[in-house]
Amino acid sequence: MLTINLIREKKEFIIERLKVKNFEAEEIINRILVLDSSRREIQSKTDWMHAEMNRISKEIGSLMKAGKRDEADAAKEKTYSIKEEIKSLSDKLIPIDNDMKNEIIRLPNLPHESVAPGHGADDNVKVREGGIIPLSSETAIPHWDLIKKYDIIDFELGIKLTGAGFPVYKGKGAKLQRALISFFLDEGEKAGYREVIPPIMVNEESGFGTGQLPDKEGQMYHVTIDNFYLIPTAEVPVTNIYRDVILNADMLPVKNIAYTPCFRREAGSWGAHVRGLNRLHQFDKVEIVQIAHPDHSYKSLDNMVNHVEGLVSKLDLPYRILRLCGGDMSFTSALTYDFEVWSAAQKRWLEVSSVSNFESFQANRLKCRFKDKGDKQTRLVHTLNGSALALPRIVAAILENNQTESGIKIPSVLVPYTGFDIIN
RNA sequence: GGAGAGAUGGCAGAGUGGUCGAAUGCGGCGGUCUCGAAAACCGUUGUUCGCCUUCCGGCGAACCGGGGGUUCGAAUCCCCCUCUCUCCGCCA
């Protein structure tokens with residue numbers, strides 16, 4: 001969420017920037033500013049009265065000690081009206097505080113200055129592309145047929161066990177999953193990321209910290225009996241490691257990498273383009289997360305983009321990198337790069353990674369701050385994350401792009417992990 | 001699941017109604033000493049909000065797991081919640 005200081009000081013700027021995300025902020029901001037000024041007024045008053053109460057209470061203490069009971073009782077009389085007034089003021093303050101918070105969390109993050117305006121995928125800006133799109137796509141078999149042909153991923157079995165969107169990986173299909181996960185983690189480790197294995201269920205506080213709650217609870221599986229949520233991405237637990245933490249500036253950037261299964265209800269988003277591995281309720285993903293100094297967070301973002309680009313290149317997948325337009329960006333992001341790989345049989349680009357800088361938007365919810373050496377003041381960190389990478393569509397692209405008469409060729413970087421070089 | 005104990009500053013650990021934002025130790029930071037370092041000694045050491053201030057900062061308020069209550073006054077008493085530990089039960 002945006003900080004109240006920024007809203008106070010840069011109202012017009014915020015309204016202008018949020019137009020890039022097609023968000024009309026003026027009304028909300030006006031309401032926030034009214035609530036903020038009454039909040040401050042009430043707080044000043046109650047602070048002053050509390051001071052008075054504290055003064056009198058101390059006086060009573062010393063009068064009691066001196067045995068001046070009558071004077072003490074007289075002083076007590078004075079406190080009753082002050083106490084009542086404090087009560088009525090704080091009764092007013094609580095709803096104002098709540099209302100203000102509820103308004104502030106409705107404001108999306110400001111887009112970075114490089115973000116283009118726009119309404120959807122068509123307005124995204126292609127940054128660069130790489131790899132060679134295979135030509136033989138006329139006869140290419142889509143991955144949902146290939147997985148049956150080679151019996152490596154079983155959707156029907158998943159339906160029996162759980163339901164649609166929970167596939168069972170079998171034999172070489174399972175091995176390929178494990179190989180990709182290990183490859184991604186090893187590459188991350190080489191790039192200086194520390195591996196963590198977080199819980200895959202989180203509490204409400206964590207859901208709030210990274211912005212899934214409130215409002216997006218419909219996208220997460222909710223374990224109601226214990227009030228836990230299945231994570232939609234490792235971003236949630238890994239970023240929340242730093243909730244309520246004050247870091248030293250010299251520790252930044254903090255770089256973590258995690259493999260987790262991810263769970264998404266995907267309510268209302270099923271359609272023509274979601275066959276096979278294109279959209280699942282449970283899938284595997286390796287996520288990179290950085291906690292960065294605000295002065296260097298865009299350098300971190302570039303590093304992360306380069307890292308992900310290295311992964312898709314090493315897998316020999318044709319890819320392109322898009323800088324998302326305002327309308328296609330998430331609520332919490334300031335700048336997002338999407339990675340897409342070419343799918344030879346579907347003849348379209350599949351999103352396999354999303355790398356974002358959230359600047360201080362999540363940090364303000366998380367209360368994750370840092371202190372420069374010798375500095376008294378704390379400042380909010382910047383948080384970033386990116387998929388490195390999400391498996392299912394990578395698998396889809398590998399299957400479709402690498403299919404041959406004799407079977408599916410495994411990218412050479414994966415062979416040491418799989419132990420085989422062809423699925424047949 | 002049953003019974004009991006507990007939750008205090010970066011850590012350890014005092015504090016059972018007033019002068020306690022909190023002793024003491026460790027750690028951290030600054031200094032003295034030293035060619036330098038260690039030791040020793042001296043000083044300093046949380047967060048948030050509000051008001052004031054050109055900067056340095058000053059003043060006030062809140063925070064002793066979270067929420068509520070009693071009281072002129074709560075780390076301290078009462079209630080609820082969460083979590084941790086010990087024992088028993090169950091168990092990968």
Side-chain angles (χ1 to χ4, degrees), chain A residues 1-9 32-105 197-209 213 223-229 237 240-252 254 291 360 363-381:
Chain A
M1 65 186 170
L2 301 178
T3 62
I4 184 65
N5 285 339
L6 188 75
I7 297 170
R8 276 208 290 259
E9 285 158 23
I32 291 169
L33 292 176
V34 168
L35 289 165
D36 180 51
S37 72
S38 39
R39 185 194 122 247
R40 286 150 81 196
E41 195 189 318
I42 292 172
Q43 183 169 346
S44 284
K45 274 190 201 160
T46 49
D47 280 0
W48 188 87
M49 279 190 244
H50 270 124
E52 186 66 7
M53 277 293 270
N54 290 342
R55 196 185 58 75
I56 295 172
S57 291
K58 272 187 188 171
E59 207 175 285
I60 291 171
S62 39
L63 287 171
M64 296 286 255
K65 232 171 225 171
K68 298 176 180 168
R69 237 214 137 76
D70 293 348
E71 286 181 48
D73 286 341
K76 275 189 201 180
E77 292 292 327
K78 283 196 282 185
T79 64
Y80 299 144
S81 63
I82 301 174
K83 211 180 169 186
E84 225 164 87
E85 210 163 336
I86 288 175
K87 177 94 173 84
S88 87
L89 281 174
S90 60
D91 282 350
K92 265 194 241 168
L93 192 60
I94 292 163
I96 288 173
D97 261 343
N98 287 340
D99 289 352
M100 194 170 98
K101 196 180 171 197
N102 288 336
E103 293 289 350
I104 290 176
I105 62 176
I197 301 179
I200 58 172
M201 287 198 259
V202 293
N203 58 27
E204 270 183 355
E205 288 76 22
S206 295
F208 178 81
L213 297 174
V223 181
T224 52
I225 192 165
D226 291 307
N227 200 23
F228 294 150
Y229 292 88
N240 271 281
I241 291 173
Y242 301 94
R243 171 153 49 86
D244 295 321
V245 168
I246 299 173
L247 296 155
N248 289 326
D250 57 18
M251 296 166 75
L252 303 175
V254 175
I291 309 291
S360 60
N364 191 33
R365 288 177 161 230
L366 293 158
K367 298 285 168 278
C368 177
R369 293 152 294 169
F370 75 98
K371 231 188 236 189
D372 271 313
K373 202 177 165 127
D375 214 336
K376 259 202 138 156
Q377 216 177 344
T378 61
R379 292 167 65 193
L380 292 169
V381 299

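Per chain, numbering begins at 1; letters A, B, ... match sequence-line order.
Annotation: side-chain hydrogen bond (donor to acceptor under 3.5 Å, both in side chains) contacts of A/R379 (sequence neighbours excluded): none. Judged as a salt bridge (Lys or Arg N to Asp or Glu O under 4.0 Å), and not counting sequence neighbours, A/K83 has no contacts. Scanning for side-chain hydrogen bond (donor to acceptor under 3.5 Å, both in side chains) contacts around A/N227 gives A/E204, A/H222, with sequence neighbours left out. In terms of the side-chain contact (heavy atoms from CB on, under 4.5 Å) criterion, residue partners of A/D97 (sequence neighbours excluded) are, by chain and number, A/R39, A/L93. For A/M1, the side-chain contact (heavy atoms from CB on, under 4.5 Å) partners two or more places apart in sequence, or in a different chain, are A/I104, A/I105, A/N364, A/R365, A/K367. In this view, A/D91 and A/K87 satisfy the salt bridge (Lys or Arg N to Asp or Glu O under 4.0 Å) rule, not counting sequence neighbours.
Put simply, A/N54 has a side-chain N or O that comes within less than 4.0 Å of OP1 or OP2 on B/A61.
Residue A/D73 is out of contact with every strand shown, counting any heavy-atom pair closer than 4.0 Å. Contact annotation for A/T79: backbone-only contact, meaning every heavy-atom pair under 4.0 Å involves sugar-phosphate atoms and none involves a base.
One can place CG of A/D244 at 14 Å from P of B/G9, the figure rounded to the nearest angstrom. Rounded to an integer number of Å, the gap from A/I42 CD1 to B/G60 P is 23 Å.
Listed candidates were B/G46, B/A61, B/G18. Nearest to the side chain of A/K371 is B/G46.
Nucleotide B/G6 is matched to B/C83 when pairs are restricted to Watson-Crick or G-U wobble geometry with both distances under 3.5 angstrom. Under the Watson-Crick and G-U wobble criteria, each requiring two contacts below 3.5 Å, nucleotide B/G25 is paired to B/C11.
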Protein within reach of the bases, or only the backbone? For nucleotides 48-55 of chain B, mark each nucleotide 5' to 3' as B, S or -, using heavy atoms under 4.0 Å.
SBSS----
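Each of A/I60 and A/A51 has a nearest nucleotide on RNA chain B; the 5'-most of these lies closest to A/A51. Along RNA chain B, the nucleotide nearest to A/M53 and the one nearest to A/K58 differ in position, and the one closer to the 5' end is contacted by A/K58.
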For residues 54-64 of chain A, run the donor-acceptor check on the side chains, cut-off 3.5 Å, and write out each pair with its distance to 0.1 Å, sequence neighbours left out.
from  : atom 1 : to    : atom 2 : distance (Å)
A/N54 : ND2    : A/H50 : O      : 3.4
A/R55 : NH1    : A/E59 : OE1    : 3.1
A/R55 : NH2    : A/E52 : OE2    : 2.9
A/S57 : OG     : A/M53 : O      : 3.0
A/S62 : OG     : A/K58 : O      : 3.3
A/S62 : OG     : A/E59 : O      : 3.1

Can you tabulate the close N/O pairs, meaning under 3.5 Å, that link protein atoms to atoms of nucleotides 66-71 of chain B?
none

